[in-house]
Amino acid sequence: MQVDGSHFRSIWLADAKPEVLVIDQTLLPFAFEVRTLSTVSETALAIRNMVVRGAPLIGATAACGLYLAAATDSAEANLRDAYQDLLSSRPTAVNLRWALDRMLPPLLAEPKSTRAELARTLAQQICDEDVATNSGIGDHGLSLISEAANSSRDRAVNILTHCNAGWLATVDWGTALAPIFKAHDAGIPVHVWVDETRPRNQGASLTAWELGAHGVSHTVIADNAGGHLMQQGKIDLCIVGSDRTTRTGDVCNKIGTYLKALAAHDNGIPFYAALPSSTIDWTIREGIRDIPIEERSAEEVSHISGLDNETGKLARVRIIPEASSAANPAFDVTPRKFVDGIITERGTAEASEKGLVALFPQEAETRTV
Ligand code: MRU
């Protein structure tokens, strides 16, 4: 995607040395800075602290982290340690495990002397595939937006999205935002209602920034406003991303997604999840029971960061009484009965085992419950 006229991916490998470059997402939208990751522990920390975030990007970053490990010391024990460090950096997005599992077995089967080279090739492949996959999601989602445009006559198609499932959450294009970028580029008028997405405000900080940079009309709303807008007929469809989707179609995504799905259901508004097949966990069936939900620091709820108008610097302030405790579950599960379709790189599936298996028969067979 373009930033001030230059094309950027959210992650890339340095040419001459074993280094990984990422955009520091903790500083956006106020500063655009590129960070260099040189070691596995720096990479795991960048994932944990959400310098990089979003399920597909977390997977790609873990793959690059394993490359850094192989470039430093390609012994089996070191690669296995790196695998564990990276895997434990965040628990919910299954793309992390998916990417690491694609890397480790072929690396261990390779002679030690050429492991670093192979690790670089595989990490690059995972990044490049992510771009192509998300572009495919964009094409399939675009047809849904085109259909909505045909029935919304002379007004823009109004889409609600939650969190950030744009290009920053992937290597490029995004998942939920890819169809929106493609619709905008195709000349279909779209307006996006952006949930701010407390507590980390990925919608307000990242989605709004991406849409603005691409010239897409949008409005940031408080998380609690979506249901009201739906009742007022202001939303035509919802598109969200996912961090882990069961083989039966339950969708785990950023906390608050479930409430939007309930409101959409009550108002007869189509609710879609857009995700690459690397986000499907074929080994589980029941999202509420089987998906580990990350519990993050209570400080993300008790404090908020923003730009201080007076000093022009980033400031962090407490917003709850000092004596109050806070809880911070980072994801929730939307049961499949509230999901009208799952937009993937191979097409839009019904949110069911039958629907997903029909699109990905081989994956469903090789990775079973
Ligand atoms: O905690 P985050 O910011 O990593 O959570 C991200 C989300 O929940 C996204 O919606 C999800 O990863 C899908 S991104 C393509």
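Please read all numbers here as calculations on a predicted model, not as lab measurements. Every number for a ligand or one of its atoms is a count from 1 in the order of the listing. Nothing fancy with the numbering, it's 1 onward along the sequence.
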Exercise for review: Measure the distances from the heavy atoms of A93 to every atom of ligand 1 and state whether one is below 4.0 angstrom.
Suggested key: no
Check your understanding: Tell me: protein heavy atom nearest atom 9 (C) of ligand 1, and distance?
Key -> N253 OD1, 3.5 Å
Point to revise | Mode of V240 contact toward ligand 1 - side chain, backbone, both, neither (heavy atoms, under 4.0 Å) | key: neither
Check your understanding: With a 4.5 Å heavy-atom cut-off, do T366 and F360 have their side chains touching?
Key -> no
Check your understanding: How far is atom 5 (O) of ligand 1 from its nearest protein heavy atom, and which residue and atom name does that atom have?
Key -> K254 CE, 3.4 Å
Exercise for review: Write out the residue and atom name of the closest protein heavy atom to atom 15 (C) of ligand 1, then the distance separating them to 0.1 Å.
Suggested key: T175 OG1, 3.0 Å
Exercise for review: Evaluate the side-chain hydrogen bond (donor to acceptor under 3.5 Å, both in side chains) criterion for residues R53 and Q25: first the C-alpha distance (whole Å), next the side-chain angles of each, then the deciding distance (0.1 Å), finally the verdict.
Suggested key: CA-CA 8 Å; R53 25 78 40 212; Q25 300 193 24; 3.1 Å; yes
Review point. Do the numbers put K254 on top of the ring of F331, so that NZ or CZ is under 6.0 Å from the six-membered ring centre and no more than 45° off the axis?
Key: yes
Check your understanding: With backbone taken as N, CA, C and O and side chain as the heavy atoms from C-beta onward, which portion of A55 lies under 4.0 Å from ligand 1: side chain, backbone, both, or neither?
Key -> both
Revision key, fill the gap. Honestly, for Q202 the part within reach of ligand 1 (heavy atoms, under 4.0 Å) is side chain
Practice item. Tell me which one of R244, R90, R200 gets a heavy atom nearest to atom 2 (P) of ligand 1. Key: R90
Review point. Are the ring centres of H214 and H184 closer than 6.0 Å?
Key: yes
Review point. Do any N or O atoms from the side chain of T72 and from the backbone of L68 form a donor-acceptor pair under 3.5 angstrom?
Key: yes
Review point. So, does E294 sit close enough to ligand 1 that a heavy atom of it is under 4.0 Å from the ligand?
Key: no
Practice item. Please say whether G54 places an N or O atom under 3.5 Å from an N or O atom belonging to ligand 1. Key: yes
Using distance only, find each side-chain donor-acceptor pair of residues 30-37 under 3.5 Å and give its atom names and separation, not counting sequence neighbours.
from : atom 1 : to  : atom 2 : distance (Å)
R35  : NH1    : D24 : OD2    : 3.2

**Study point:** Min heavy-atom dist T279 to ligand 1 below 4.0 Å
**Key:** no
Review point. Any N or O on G241 sitting closer than 3.5 Å to an N or O of ligand 1?
Key: no
Point to revise | Heavy-atom check, side chain of D223 versus side chain of E196, under 4.5 Å | key: yes
Exercise for review: May I ask you to test the D130-D172 pair for a side-chain heavy-atom distance under 4.5 Å?
Suggested key: no
Exercise for review: State whether the side chain of H218 and the backbone N or O of T207 hold a donor-acceptor pair below 3.5 Å, judged by distance alone.
Suggested key: no
Exercise for review: Identify, for atom 14 (S) of ligand 1, the protein heavy atom at the shortest distance, and state residue, atom and that distance.
Suggested key: A169 CB, 3.6 Å
Review point. Any N or O of D243 that comes nearer than 3.5 Å to an N or O of ligand 1?
Key: yes
Review point. Is the closest heavy-atom distance from A330 to ligand 1 below 4.0 Å?
Key: no
Practice item. Using a 4.5 Å cut-off on heavy atoms from C-beta on, say whether the side chain of V317 contacts that of I304. Key: yes
Review point. Going by the salt bridge (Lys or Arg N to Asp or Glu O under 4.0 Å) test, which pairs reach into residues 359-369, not counting sequence neighbours?
Key: R346-E363
Check your understanding: For T170, is at least one N or O under 3.5 Å away from an N or O on ligand 1?
Key -> no
Point to revise | Close N or O approach (H162, ligand 1; < 3.5 Å) | key: no
